[in-house]
Chemist: 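Here it is, the structure, as structure tokens.
Since this is a predicted model, take the numbers as computed values, not measurements. Numbering of residues begins at 1 and proceeds along the displayed sequence.
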Amino acid sequence: LILLILLIPLRMEMTEENETAETAETKKRDGNLFKDIFNICNSYTKIFKDKRKISPEYIPLKLPGREKDCTEMASVLSDAFSGCMPMNIFIYGMPGTGKTSVIKRVFDEMEKFQKKNGHNENKLNKVKIITKYINCREKATTEYQVLLRILEDERLKEIASGRGSNPDNNNEDKIYGYKLDGLAVEKLYEFLEKVLKRGKIALLVSLDEVDAIRKNFDKDNLFYNLVRMNSSLNDNLSDNPEESDNFNGGITIISTTNDMKFKEKLDPRTRSSYQKKIFSLKDMRHPSLKKFWKKGKISHFMTEPLKKQQ
């Protein structure tokens, strides 16, 4: 009984504090749902400095812990600017190691460089580079679907229509139109080869999570036919690399997977024709993650636990 008598004033005090907090919060509200939310949120310490930067689609200007990988990949792909198709690339790494971010950052830098320097370098105005990112888990799990995703690129469709290369071309010059679904896979390869040759295009295709292509037959066919297309595109060219028209187009494949034995599963004929550069991305340690978060992804107090683990 004595204990209850002592607790009653404490309970009344807590109730008064809660009522005061509720009154203060109510005062901040002015009747508009969204304005009320922002008023309340602004009165507390924010966990995230910029929520956009925790979106899976966000790619920062710098990738702490992965800049070396970005530079090495850019070095391999830079051959495209001189009219020489780069080696194909395999990127291995467990989920979350930054495979997709590295590719998207390099592709973005490549497109920016081409846009800025396309008319200043001798070779750059002869070669048009198109980068195409495809996540194979998203409606690209067969050879046919991957080819459709490539051909449906707006830049390739413009060149296929004739508008991208010569505005005076009429409908007879169309390589393909908007309706592609339902055509034979051989026809899709034919269209792709023709449009690359017409536009003198160096096509860099990223097949992210390539192991999501379900059938081994589809994987073998896709890799074999795309790689072999480079030979048929440039069969009749001069041996002199300095000639300005010494490039008809080509394809480089950048594949990502977490299956270290993926390439061994390909048919021997495919492996023999598939010249490649291999990148292996290891897990980032705590110092790299801390640098990444300090770039604005998350507030300071969220990085404190990392200090204790170092």
Chemist: Does some side-chain heavy atom of Gln114 sit less than 4.5 Å from a side-chain heavy atom of Phe81?
Modeler: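 They are in side-chain contact.
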Chemist: How long is the span from the NZ atom in Lys174 to the CZ atom in Phe191, to the nearest 0.5 Å?
Modeler: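 One gets 11.5 Å once the value is rounded to the nearest 0.5 Å.
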Chemist: Is a side-chain N or O of Asp208 found less than 3.5 angstrom from the main chain of Asn135, in a donor-acceptor match?
Modeler: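 Checking the backbone N and O of Asn135 against the side chain of Asp208, no donor-acceptor pair under 3.5 Å is found.
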Chemist: Rounded to the nearest 0.5 Å, how far apart are CE of Met85 and OG of Ser231?
Modeler: 12.0 Å
Chemist: Is the backbone of Thr71 close enough, under 3.5 Å, to the side chain of Ser75 for a donor and an acceptor to pair up by distance?
Modeler: no
Chemist: I'd like to know whether the aromatic ring centres of Tyr133 and Phe107 sit less than 6.0 Å apart in this structure.
Modeler: no
Chemist: If you count every heavy atom of other residues, nucleotides or ligands that lies below 6.0 Å from Lys277 atom NZ, does the total exceed 12?
Modeler: no
Chemist: Please report the shortest heavy-atom distance between Leu180 and Glu152, naming the atom on each side.
Modeler: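 Heavy-atom minimum between the residues: CD1-CG, 4.3 Å.
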Chemist: Regarding Lys112 and Asp108, does a basic nitrogen lie under 4.0 Å from an acidic carboxylate oxygen?
Modeler: yes
Chemist: For the pair Glu193 and Arg228, find out whether any cationic side-chain nitrogen is under 4.0 Å from an anionic carboxylate oxygen.
Modeler: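 The answer is no: the pair does not qualify as a salt bridge.
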Chemist: If every non-hydrogen atom of Tyr144 is compared with every non-hydrogen atom of Ala184, which pair is closest and at what distance?
Modeler: CE1-C, 4.2 Å
Chemist: Show the nearest heavy-atom pair for residues Met73 and Ile89, with the distance to one decimal.
Modeler: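 What the structure gives for the nearest pair is CG-CD1, 3.8 Å.
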Chemist: Determine, for Lys265 against Asp211, whether the closest basic-nitrogen to carboxylate-oxygen distance falls under 4.0 angstrom.
Modeler: no
Chemist: If we only count heavy atoms from C-beta on, is the Thr100 to Lys104 side-chain gap below 4.5 Å?
Modeler: yes
Chemist: I want to check something: taking the side chain as every heavy atom from C-beta on, are Thr252 and Asp79 in contact at a cut-off of under 4.5 Å?
Modeler: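 A side-chain contact is absent here, since even the closest heavy-atom pair is not under 4.5 Å.
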Chemist: So among Ile129, Leu156, Ile251, which one has a side-chain contact (heavy atoms from CB on, under 4.5 Å) with Ile201?
Modeler: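 Per the side-chain contact (heavy atoms from CB on, under 4.5 Å) rule, the option paired with Ile201 is Leu156, out of Ile129, Leu156, Ile251.
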Chemist: Can you name the nearest heavy-atom pair linking Met94 to Asn258, along with the distance?
Modeler: CA-CB, 4.2 Å
Chemist: Would you call Glu109 and Arg105 a salt bridge, taking side-chain N to carboxylate O under 4.0 Å as the test?
Modeler: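 Salt bridge present between Glu109 and Arg105.
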Chemist: Can you tell me how far the CD atom of Glu190 sits from the CE atom of Met229, to the nearest 0.5 Å?
Modeler: 10.0 Å
Chemist: Short question: side chain of Arg155, backbone of Thr131 - any donor-acceptor pair under 3.5 Å?
Modeler: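 Looks like yes, one N/O pair under 3.5 Å.
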Chemist: Looking only at atom types and distance, does a side-chain atom of Asn88 sit under 3.5 Å from a main-chain N or O of Ile253, one as donor and one as acceptor?
Modeler: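 Judged by distance alone, yes, a pair lies under 3.5 Å.
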Chemist: Are the side chain of Tyr92 and the backbone N or O of Lys261 linked by a donor-acceptor pair below 3.5 Å?
Modeler: no
Chemist: If I take atom CD1 from residue Ile150 and atom CD from residue Gln145, how far apart are they, to the nearest 0.5 angstrom?
Modeler: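 With rounding to 0.5 Å, CD1 (Ile150) is 12.5 Å from CD (Gln145).
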Chemist: Is the shortest heavy-atom distance from the side chain of Lys263 to the side chain of Ile278 under 4.5 Å?
Modeler: yes
Chemist: One thing to verify: whether Lys128 and Glu158 come together as a salt bridge, which I'm taking to mean a side-chain N less than 4.0 angstrom from a carboxylate O.
Modeler: no
Chemist: Ignoring hydrogens and geometry, is there a side-chain-to-backbone donor-acceptor pair from Arg66 to Val102 under 3.5 Å?
Modeler: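 The answer is no, because no donor-acceptor pair under 3.5 Å joins these two groups.
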Chemist: Using atom types as modelled and distance alone, determine if a side-chain donor or acceptor of Thr256 lies under 3.5 Å from a backbone N or O of Lys99.
Modeler: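 No.
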Chemist: Testing the basics here: between Ala202 and Ala80, what is the closest heavy-atom pair and its distance to 0.1 Å?
Modeler: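 Nearest pair, atom of Ala202 first, then Ala80: CB-CB, 4.2 Å.
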Chemist: Say whether, by atom type as modelled, one donor and one acceptor occur between the side chain of Arg149 and the main chain of Glu138 under 3.5 angstrom.
Modeler: yes
Chemist: Atom CG of Asp69 and atom OG of Ser101: how far apart are they, to the nearest 0.5 Å?
Modeler: 11.5 Å
Chemist: Go through the steps to decide whether Val205 and Val146 satisfy the test side chain to side chain contact (heavy atoms under 4.5 Å, CB included), and finish with yes or no.
Modeler: CA-CA 10 Å; Val205 179; Val146 171; 5.6 Å; no
Chemist: Find out if a path of hydrophobic residues (ILVMFWY) with successive side-chain heavy-atom gaps under 4.5 Å connects Leu148 to Phe217.
Modeler: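 The answer is no; the residues belong to distinct hydrophobic clusters.
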Chemist: Any idea which heavy atoms bring Val210 and Phe262 closest together, and the distance?
Modeler: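 So the two residues come closest at CG1-CZ, 3.6 Å.
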Chemist: Could you grab the distance from atom CG of Leu147 to atom CG of Leu222, nearest 0.5 Å is fine?
Modeler: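 One gets 6.0 Å once the value is rounded to the nearest 0.5 Å.
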Chemist: Sub-3.5 Å donor-acceptor pair from the side chain of Tyr224 to the main-chain atoms of Asp267, do we have one?
Modeler: no
Chemist: Mark yes or no for whether Asp173, through its side chain, and Gly162, through its backbone, hold a donor-acceptor pair below 3.5 Å.
Modeler: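 A pair under 3.5 Å: no.
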